[in-house]
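Residue numbering restarts at 1 for every chain, and letters A, B, ... go by the order of the sequence lines. Model, not experiment: these values are computed from the prediction. The figures that follow rest on heavy atoms only: side chains count, while hydrogens, waters and symmetry mates do not.
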Amino acid sequence: MFRVFKKEIETELSKFLDMDVSRFLRESEHADLSCTIAFKLAKEQKRNPDEIATEITNAIAANLSDYVGSIEIVNGYINFNVSYEFLEDVVNTILDEDEDYGSMTEQGDVLIEHTSANPDGPLHIGHIRNSVIGDTLARILRKAGLDVNTHYYMNDMGRQVALAILGVRRFGLNDKKPDHAVADAYIAINKIMEEDENEKEKIEREVEEIMLEYELGNEEVSKEFREVVEKAYEGIKQTLKRLNIHHDEVVWESEFIRNGYVDRVLKKIEELGLLKKDGAWYVDLKSKGFEKDVVVRRENGTSLYITRDLAYHVWKNENFERFINILGSDHKFFGKQLSDILEILGLKPPEIVFFEFVSLPEGSMSTRKGKFISADELIERVYDEAYVIIKDREMSDEEKKEIAESVAIGALRFDFVKLAPEKPMTFDWKKALDFERQTASYIQYSHARACSILRKAVENGMPDIEIVGELCTPAERELIVLLSKFTHVIERVLKELRPNVFADYIFDIAMKFNDFYRLHPVLKEEKELRMHRLAIVDATRIVLRNGLEVLGIKPLEKM
RNA sequence: GGGCCCGUAGCCUAGCAUGGAUAAGGCGACGGCCUCCUAAGCCGUAGAUCGCGGGUUCAAAUCCCGCCGGGUCCGCCA
């Protein structure tokens, strides 16, 4: 709805000004939309901005639709405010569209690859950042109308996995959750390598050996790889499920060796005359500014991670219009190489969302050294904390557990998604376990409050609702204008691929709703005013619910 | 050494793309609010040389240049 308001002003302004005017229009605290074009023109024409603003306003005022309620000129700014009719239309549209409010009609297929953690252990808190960004983005893009597929790219051919397999061979798997059991074997074999030079050499030779066997398709070894990888993934999948995250498909890296895509991509590079063979095979990327060649095949004939990933991206090109990867920023160099090679091949590179590292106060994490906080441990502790808060409430234990689970998962997801991806993050137990504001629980609580008011209204036999623009107070106005920006915000996320923007938006709604709640009684009011406010509460409830769902957080009706 | 990212009150963050009106929230601190729709809430107070230095501009947290501090990458690893 806000988009309609904005578009209209843009159209009228550009009729008069004959230039792209959108960059001079912005949301501000002073008005619903504020225009700074007069400053620009004042400079060019060496005139007073106020004078120009007045001229512009006079020229367009008559043509503006009923959604524009007022235009004001203040110090050269042209301030546009929405009308009563706009406010009414927003609330009525939300009530009408209900769970579809905020949905858009973007078209096309998108593939989002996220998480894709090495199957050598459980997800840790760094991986969760990837998963949450990826899953939230997937949900936002779906809300926008796109046909979204999510992939977990299973890195089954890496050195780490080979090592994990040797670990399992030597120590077996204990009876912990399967991903943790794999990690224990992996950590144990790493420990041996660190402590004993002879063992280290021996194990490294074995790693080479089984990697080669696996690439060549040796049945015995392949079976071992599959078993360990599937074990690890089984545990990872459980963790993701608890976080409301699922992948539509798991794509095994080794598949691209077996189905010939790796050979195809190598051949294609060779045909372009870019392949250098000197024992190993290299791609010359000097034209793209790289000092060193990129190795795409080792001397022993095996492929490398980038070779298989190139093959995967050839496949993505064949099957999807857009493909987005969520990657830790340590992959930036790699991502650039991958993208540049794809471009040389005349293919589309992936859109990549990079996020900065999650580190512990004592330094960066390492699965190999067993130095990490697992997602499972984090979830469990946040859950315990959430349970403590409600344990004395009057409800069934089952209900308490459900609420604690939703609050815990919500808090966790929100904590990761609210931070801009490019910001580094230092994990802090105290903050992770703190439920005082700025977390999902605040939003869930606001939603529950709205539900409660509506529930009581029905119980008291006053279910009728009706928005009346003229009755809107400043706080109500602000809230409704914010509610109208749902698709406006989604549009921005689509463009920037930064889901934190959406998280902020939903949080803002919760805050504005609490302002409203404090200032305006609802159920106590006389009929007309009560119906008006109930309409606002219901509309807010709907937007909060839809927003929380887009964030993968359960909208609770009671807490 | 070179590339990329980050640096905004004691702490965490938003704003930076497209320069504009007193730099916005939260945590923590201090003082208050449950005969009133859920106190997982709310109100008030204190707290900022927007890392530093230059430049562009009528106007810079935002753009440009140079530094400083932190992270990360520069493998026949992934």
Side-chain angles (χ1 to χ4, degrees), chain A residues 20 22-26 28-31 34 36 38-40 42-43 49 74-77 79 116 118 120 155 157-161 253 278-282 289-292 295-306 308-309 328-337 354-357 359 364 386 389-390 393 403 407 411 418-426 428 430-431 434-446 448-457 460 492 495-496 500-501 504 507-508 511 514-515 517-525 533-534 537 558-559:
Chain A
D20 176 29
S22 66
R23 48 187 293 236
F24 297 104
L25 270 180
R26 51 199 51 208
S28 101
E29 55 192 300
H30 307 279
S34 200
T36 56
F39 294 101
K40 175 83 176 163
K43 190 181 176 186
V74 185
N75 301 326
Y77 295 90
N79 289 338
S116 303
N118 280 335
D120 56 13
N155 180 222
M157 300 198 75
R159 214 166 260 281
Q160 286 91 329
V161 176
E253 203 185 349
D278 176 19
W281 295 5
Y282 308 83
F290 286 92
E291 289 172 26
K292 294 175 186 167
V295 180
V296 290
R297 203 177 100 135
R298 298 200 284 187
E299 202 162 358
N300 71 0
T302 56
S303 59
L304 286 100
Y305 180 75
I306 192 159
R308 295 164 231 137
D309 212 17
S329 65
D330 55 332
H331 283 66
K332 273 190 181 176
F333 185 77
F334 169 82
K336 181 92 174 72
Q337 288 178 329
F354 291 107
F355 64 93
E356 284 294 326
F357 264 46
S359 53
S364 54
I389 296 173
I390 52 165
R393 307 260 166 109
I403 291 173
V407 167
K418 76 178 179 193
L419 186 61
E422 69 273 14
K423 297 273 187 181
M425 189 172 183
T426 305
D428 180 341
K430 198 167 148 268
K431 278 177 196 140
D434 183 7
F435 282 95
E436 297 297 312
R437 269 175 85 94
Q438 191 72 330
T439 60
S441 62
Y442 180 77
I443 303 170
Q444 286 171 310
Y445 184 73
S446 306
R449 259 185 170 168
C451 289
S452 172
I453 294 173
L454 294 162
R455 205 162 41 229
K456 287 222 161 75
N460 299 344
R492 188 171 155 206
K495 202 161 59 183
E496 298 180 18
N500 60 303
V501 169
D504 266 353
F507 186 73
D508 277 347
M511 280 211 302
N514 275 305
D515 285 343
Y517 180 88
R518 170 172 52 92
L519 297 169
H520 308 308
V522 178
L523 300 176
K524 271 191 264 179
E525 296 293 349
R533 295 208 170 135
L534 278 172
V537 173
K558 277 186 195 171
M559 56 191 288

Check your understanding: If you check the A:His30 side chain, which of B:G41, B:A78, B:U22 turns out closest?
Key -> B:U22
Practice item. Determine: side-chain N/O of A:Arg23 to OP1/OP2 of B:G19, distance under 4.0 Å, yes or no. Key: yes
Exercise for review: Could you check which of B:A21, B:A14, B:C5 has an atom nearest any side-chain atom of A:Glu356?
Suggested key: B:C5
Practice item. Classify the nucleic acid contact of A:Tyr282 as base, sugar-phosphate or nothing, counting any heavy atom under 4.0 Å across all strands shown. Key: base
Review point. Nearest-Å distance, OH (A:Tyr305) to C1' (B:G75)?
Key: 15 Å
Check your understanding: Is A:Asn75 touching bases, backbone alone, or none of the nucleic acid, heavy atoms closer than 4.0 Å?
Key -> nothing
**Study point:** Side chain of A:Ser452 (C-beta onward), nearest among B:C6, B:C37, B:A40
**Key:** B:C37
Point to revise | NZ on A:Lys40 to CZ on A:Arg23, rounded to 0.5 Å | key: 6.0 Å
Exercise for review: Please work out if A:Lys431 contacts a base, only the sugar-phosphate, or nothing of the nucleic acid, heavy-atom cut-off 4.0 Å.
Suggested key: sugar-phosphate
Point to revise | Atom P, compared across B:A9 and B:G15: separation rounded to whole Å | key: 16 Å
Review point. Which is true for A:Asp309 with a 4.0 Å heavy-atom rule: it touches a base, it touches only sugar-phosphate, or it touches nothing?
Key: nothing
**Study point:** Nucleotide nearest A:Leu419 (side chain, heavy atoms from C-beta), chosen from B:A78, B:A14, B:A40
**Key:** B:A14
Exercise for review: Pick base, sugar-phosphate or nothing for A:Asp120, based on heavy-atom distances below 4.0 Å to the nucleic acid.
Suggested key: nothing
Exercise for review: Quickly work out the A:Asp330 CG to B:A78 P distance and round it to whole Å.
Suggested key: 14 Å
Review point. Any idea which of B:C6, B:A21, B:U18 is nearest the A:Lys495 side chain?
Key: B:U18
Point to revise | Distance, P atom - from B:C12 to B:G54, rounded to whole angstrom | key: 27 Å
Review point. When we call it a touch if two heavy atoms are under 4.0 Å apart, what does A:Ala420 touch: a base, just sugar-phosphate, or nothing?
Key: sugar-phosphate
Practice item. Give me the one residue out of A:Val295, A:Val296, A:Leu304 that meets side chain to side chain contact (heavy atoms under 4.5 Å, CB included) with A:Trp281. Key: A:Val296
Check your understanding: What nucleic acid atoms does A:Arg393 come within less than 4.0 Å of, heavy atoms only: base, sugar-phosphate, or nothing?
Key -> base
Check your understanding: For A:Arg26, which contact category applies under a 4.0 Å heavy-atom criterion: base, sugar-phosphate, or nothing?
Key -> base
Exercise for review: Output yes when at least one side-chain N/O atom of A:Arg518 is less than 4.0 Å from OP1 or OP2 of B:C43, else no.
Suggested key: yes
Check your understanding: Base, sugar-phosphate, or nothing for A:Glu496, non-hydrogen atoms under 4.0 angstrom?
Key -> base
Check your understanding: Across the strands shown, which category fits A:Val161 at heavy-atom distances under 4.0 angstrom: base, sugar-phosphate, nothing?
Key -> nothing
Point to revise | B:C6 to B:C43 separation - P atoms, rounded to the nearest Å | key: 33 Å
Check your understanding: Will you find, in the side chains of A:Asn514 and A:Ser446, an N or O donor that is under 3.5 Å from an N or O acceptor?
Key -> yes
Point to revise | B:A17 and B:U62, which share atom name C1', separated by this distance in whole Å | key: 10 Å
Practice item. Name the closest nucleotide to the A:Lys423 side chain, picking from B:C58, B:U18, B:C16. Key: B:C16
Study note, to complete from the structure: Across every strand shown, the nucleotide meeting Watson-Crick or G-U wobble geometry with B:C11 (both distances under 3.5 Å) is B:G26
Practice item. Looking at every strand, decide which applies to A:Val522 at a 4.0 Å heavy-atom threshold: base, sugar-phosphate, or nothing. Key: base
Review point. B:U72 and B:G55: how far apart are their P atoms, nearest whole angstrom?
Key: 35 Å
Practice item. For nucleotides B:A24 and B:C33, find the distance between their C1' atoms and express it as a whole number of Å. Key: 25 Å
Check your understanding: Hey, what do you get for CE (A:Met559) to CZ (A:Arg449), rounding to the nearest 0.5 Å?
Key -> 10.5 Å
Review point. For the residue pair A:Phe334 and A:Tyr305, does the interplanar ring angle fall in the parallel (under 30°), tilted (30 to 60°) or perpendicular (over 60°) class?
Key: tilted
Check your understanding: For the base of B:A21, is there a side-chain donor-acceptor partner from A:Ser34 under 3.5 Å away?
Key -> yes
Check your understanding: According to a strict under-4.0 Å criterion, is A:Arg298 in side-chain N/O contact with OP1 or OP2 of B:C76?
Key -> no
Exercise for review: Give one of base, sugar-phosphate or nothing for A:Lys336, where a contact means two heavy atoms less than 4.0 Å apart.
Suggested key: nothing
Check your understanding: For the atom pair NZ (A:Lys418) and NZ (A:Lys423), what is the distance rounded to the nearest 0.5 Å?
Key -> 13.0 Å
**Study point:** Among B:C76, B:C36, B:C37, the one nearest A:Lys524 by side-chain distance
**Key:** B:C36
Review point. With respect to the phosphate group of B:C36, does any side-chain polar atom (N or O) of A:Tyr517 fall under 4.0 Å of OP1 or OP2?
Key: no
**Study point:** Under-4.0 Å side-chain N/O to phosphate OP1/OP2 contact, A:Lys292 with B:G75
**Key:** yes
Check your understanding: Where the side chain of A:Leu304 is defined as all heavy atoms beyond and including C-beta, which of B:A21, B:C77, B:U18 is the nearest nucleotide?
Key -> B:C77
Review point. Which is true for A:Phe333 with a 4.0 Å heavy-atom rule: it touches a base, it touches only sugar-phosphate, or it touches nothing?
Key: sugar-phosphate
Revision key, fill the gap. Regarding the side chain of A:Met511, the nearest nucleotide among B:G25, B:C37, B:A21 is B:G25
Review point. If you look at every strand shown and take non-hydrogen atoms under 4.0 Å, does A:Ser28 touch a base, only sugar-phosphate, or nothing?
Key: base
Exercise for review: Please name all residues satisfying side chain to side chain donor-acceptor pair (under 3.5 Å) with A:Thr302, sequence neighbours left out, ordered by chain then number.
Suggested key: A:Arg298, A:Asn300
Review point. Can you tell me the Watson-Crick or wobble partner of B:G19, both distances under 3.5 angstrom?
Key: none
Check your understanding: Expressed in whole Å, how much space separates the C1' atoms belonging to B:U18 and B:C34?
Key -> 48 Å
